[in-house]
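Notes to accompany the following structure.
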Amino acid sequence: MAGPKTFYLTTPIYYVNDVPHIGHAYTTLACDVLARFMRLDGYDVKFLTGTDEHGQKVEKSAQNAGIEPQAFTDRVSQNFRDLVSLMNYSNDDFIRTTEPRHVASVQALWKVLEEKGEIYLGSYAGWYSVRDEAFYGEDELTTNPAGKKIAPTGAECEWVEEPSYFFKLSAWQDRLIAFYEANPDFIAPAGKRNEVMSFVKSGLKDLSVSRTTFKWGIPVPGNDEHIMYVWLDALANYITAVGYPNTEGDFAKYWPADLHMVGKDILRFHTVYWPAFLMAADLPPPKRVFAHGWWTIEGQKMSKSLGNVIAPESLVTTYGLDQTRYFLLREVPFGNDGDFSHKQMVARINGNLANDYGNLVQRVLSMIGKNCGGAVPTPGPFTEADDALLGAAHNLLDVVRVEIRAQAFHKALDAIWAVVGDGNRYVDEQAPWTLKKTDPARMATVLYVLAETIRHLAILTQPIMPDASAKILDQLAQGPDARGFGNLGPAGALVAGTPLPTSQGVFPRFVEEPKA
RNA sequence: GGCAGCGUAGCUCAGUGGUAGAGCAGGGGAAUCAUAAUCCCUUGGUCGGGGGUUCAAAUCCCUCCGCUGCUACCA
């Protein structure tokens, strides 16, 4: 069982019919930061994202576009692959549910469930909305003047009866509760755990897991009249990507997943249906599911009708990539809903990045460039103040690790910025510009301590801001092999006399364009 | 309706029994290495209303008001 520690984390697979927006970018960003962190911390990481490409809506959209569904999904799934490069995500795989490996995986899972007697053929009847791809209860519907039943979403419903396979979800209620109780960290944040548990305790009905009303899906093995329910299809992507139905190799290495990151709207699928499917197939459930919140835009709900949906590309163009990545994870306690506003974004860019972090780096590297011959200065004996600052820097990984592993990205950043503040205070207290005249040797020590502190900060901000952190490490002449967490601490300390490149700003201030 | 949660400084929030806190914003000062960036000091709250328990309550209990989430097949 030796070998590197592994960490497998996933985003939801995104429905190709959607246009990528800030919400998609946010989910994958959180995973990306976690994945980068774990890699730097020495883990063998597998980070998966992808697209969900089946379902009636895709079938219709393809029809409207006058092309085959596969050609349609080939085209629109590209939007999400473009998002990967735009946002600088480091995913190790990108899965599409239309790939042969996935079809084989889902059909194999189906067969296992069927063999184990967890699936049976029955029939489903109810009020169905094509637009919503959903059934509604009688009590949820209203009747319009034309006599049509209308769903709460405003969509028209029709009475549908169809044969359907069912998954015996009702049999899993007690085992799910037992699982939640044995694994208190399975559902996060904690408040969501209570919601899921009360839902399960209120009683579970068997789940319809096939459809006959449309064709664009994975056929049920042995009965081509049926295609599989979208969620059985979609959720299984997490095991497809590690090689299922082959349970050796990557599956043995990475499964169960360490984390499924999801938006709060799809929590139930991941914390009720998915563990039930897996346990029914004798496979272990994932270790944790985290449901994050939604963004509002300038205080308003994001919606197509309001026309305020933010494209990730416009954020990156306007504010910069690393600035955007930083803002999304710093502004809001991860798990809560948050508000995106231009004012707050600018406040973060100018306050935290340009003034606090960027300026600390710049003032220190500039002084080293001008006063130390453009090389890492030679330190003398350390004072109490030196040890205090270095100690804070050395200690930072332990603090940040705890927060990141709990998906408390905002707290991790708070901790890093506390040391940024310590650094700026230390500069003012030590006043190296005065030491330059009175005690040049002491000045060299002070600047060395600062450079070493900045090295720690830059290594630790890599997961959040890969490009900017790399630029800082470049300016400290730290090569690719010197950037892992193993290089933190005195063992990886800067070597006096190492030549340094000319310094340059990393986080420019955001200056408002004059209004026309 | 039922269940759960929230309501603390202008803003965003931390604090769950022992003399009200942070960041930002506002005010004053210092410094001048730096992206006019930094540092120090400071104004500001009857902790949603009312009642109760306690030597002591933002923190526990009751009640009222306001807001939010969940209450099954809606990526």
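Bear in mind that the values here come from a model prediction, so they are computed numbers and not experimental data. Throughout, a chain's letter reflects where its sequence line sits, starting with A, and its residues are numbered from 1.
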Query - Polar side-chain atom of A/Tyr238 near backbone of A/Leu48 as donor-acceptor pair, under 3.5 Å - result: no
Requested in this report: Using a 4.0 Å heavy-atom cut-off across all strands, classify A/Ser198 as base, sugar-phosphate, or nothing.
Outcome: nothing
Query raised in the report: On a whole-Å scale, what distance lies between the P atoms belonging to B/G15 and B/G5?
Result: 16 Å
Report task. Mind checking A/Val332 for me? I need base, sugar-phosphate or nothing, with any heavy atom below 4.0 Å counting as a touch. Result -> nothing
Query raised in the report: If you look at every strand shown and take non-hydrogen atoms under 4.0 Å, does A/Asp265 touch a base, only sugar-phosphate, or nothing?
Result: sugar-phosphate
Report task. Kindly indicate whether a cation-pi arrangement holds for A/Arg193 with A/Phe186, taking the cut-offs as under 6.0 Å to the six-membered ring centre and within 45° of the axis. Result -> no
**Report entry** For A/Asp52 against A/Ala234, the heavy-atom pair lying closest together
**Finding:** OD2-CB, 3.9 Å
Report task. Using a heavy-atom cut-off of under 4.0 Å over every strand shown, decide if A/Ile266 touches base, sugar-phosphate, or nothing. Result -> sugar-phosphate
Requested in this report: Once you apply the 3.5 Å cut-off to both distances, tell me the Watson-Crick or G-U wobble partner of B/U35, or none.
Outcome: none
**Report entry** Atom pair distance, as rounded to whole Å: CD in A/Glu429 and P in B/C40
**Finding:** 8 Å
Query raised in the report: Starting at NZ of A/Lys301 and ending at P of B/U68, how long is that distance when rounded to a whole Å?
Result: 11 Å
Requested in this report: State whether A/Arg96 and A/Glu99 are salt-bridged, where the test is any N-O pair (Lys NZ or Arg NE/NH1/NH2 against Asp/Glu carboxylate O) under 4.0 Å.
Outcome: no
Query raised in the report: Counting side-chain heavy atoms from C-beta on, which of B/C74, B/C33, B/A34 comes nearest to A/Asn359?
Result: B/A34
Query raised in the report: Looking for any heavy atom pair under 4.0 Å, which part of the strands does A/Gly203 touch: base, sugar-phosphate only, or nothing?
Result: base
Query raised in the report: Distance check: side-chain N/O of A/Arg509 vs OP1/OP2 of B/A37, anything under 4.0 Å?
Result: yes
Query raised in the report: Which word best sums up how the rings of A/Tyr357 and A/Trp417 line up, parallel for under 30°, tilted for 30 to 60°, or perpendicular for over 60°?
Result: perpendicular
Query raised in the report: Base, sugar-phosphate, or nothing: which does A/Asn424 touch, judged by heavy atoms less than 4.0 Å apart?
Result: sugar-phosphate
Query - Nearest-neighbour nucleotide for the A/Phe199 side chain, B/A72, B/C39, B/U35 considered - result: B/A72
Report task. Give the C-alpha distance, both sets of side-chain angles, the deciding distance and a yes or no for side chain to side chain contact (heavy atoms under 4.5 Å, CB included) between A/Asp386 and A/Tyr448. Result -> CA-CA 10 Å; A/Asp386 301 345; A/Tyr448 180 87; over 6 Å; no
Report summary line: Closest of B/U38, B/C39, B/A75 to the A/Arg425 side chain is B/C39
Report task. Using a heavy-atom cut-off of under 4.0 Å over every strand shown, decide if A/Gly358 touches base, sugar-phosphate, or nothing. Result -> base
Query raised in the report: Which sits closer to the 5' end of RNA chain B, A/Asn350 or A/Leu204, going by the nucleotide each is nearest to?
Result: A/Asn350
Query raised in the report: Closest to the A/Tyr229 side chain: B/C73, B/C33, B/U38?
Result: B/C73
Query raised in the report: Considering only the C1' atoms, how many Å lie between B/G21 and B/G29, rounded to the nearest integer?
Result: 24 Å
**Report entry** Donor-acceptor pair under 3.5 Å, A/Tyr124 side chain vs B/C73 base
**Finding:** yes
**Report entry** Distance, rounded to the nearest Å, where A/Asp356 contributes CG and B/U35 contributes P
**Finding:** 16 Å
Report task. Just call it for A/Phe507: base, sugar-phosphate, or nothing, with non-hydrogen atoms closer than 4.0 Å on any strand. Result -> base
Report task. Round to a whole Å and report the spacing from CH2 of A/Trp433 to P of B/U32. Result -> 8 Å
Query raised in the report: Counting just side-chain N and O atoms, does A/Lys370 come under 4.0 Å of either OP1 or OP2 of B/A34?
Result: yes
Report task. Could you give the distance separating B/C11 and B/C70 at their P atoms, to the nearest angstrom? Result -> 26 Å
Requested in this report: Measure up the A/Phe277 and A/Tyr273 rings against each other and bin them: parallel (under 30°), tilted (30 to 60°), perpendicular (over 60°).
Outcome: tilted
Query raised in the report: Is A/Trp231 near enough to B/A75 that one of its side-chain N or O atoms lies under 4.0 angstrom from OP1 or OP2?
Result: yes
Requested in this report: Find which nucleotide of RNA chain B each of A/Gln344 and A/Ala354 is nearest to by heavy atoms, and output the residue with the more 5' nucleotide.
Outcome: A/Gln344
Query raised in the report: For A/Asn355 and B/A36, what is the distance between atoms CG and P respectively, to the nearest whole Å?
Result: 9 Å
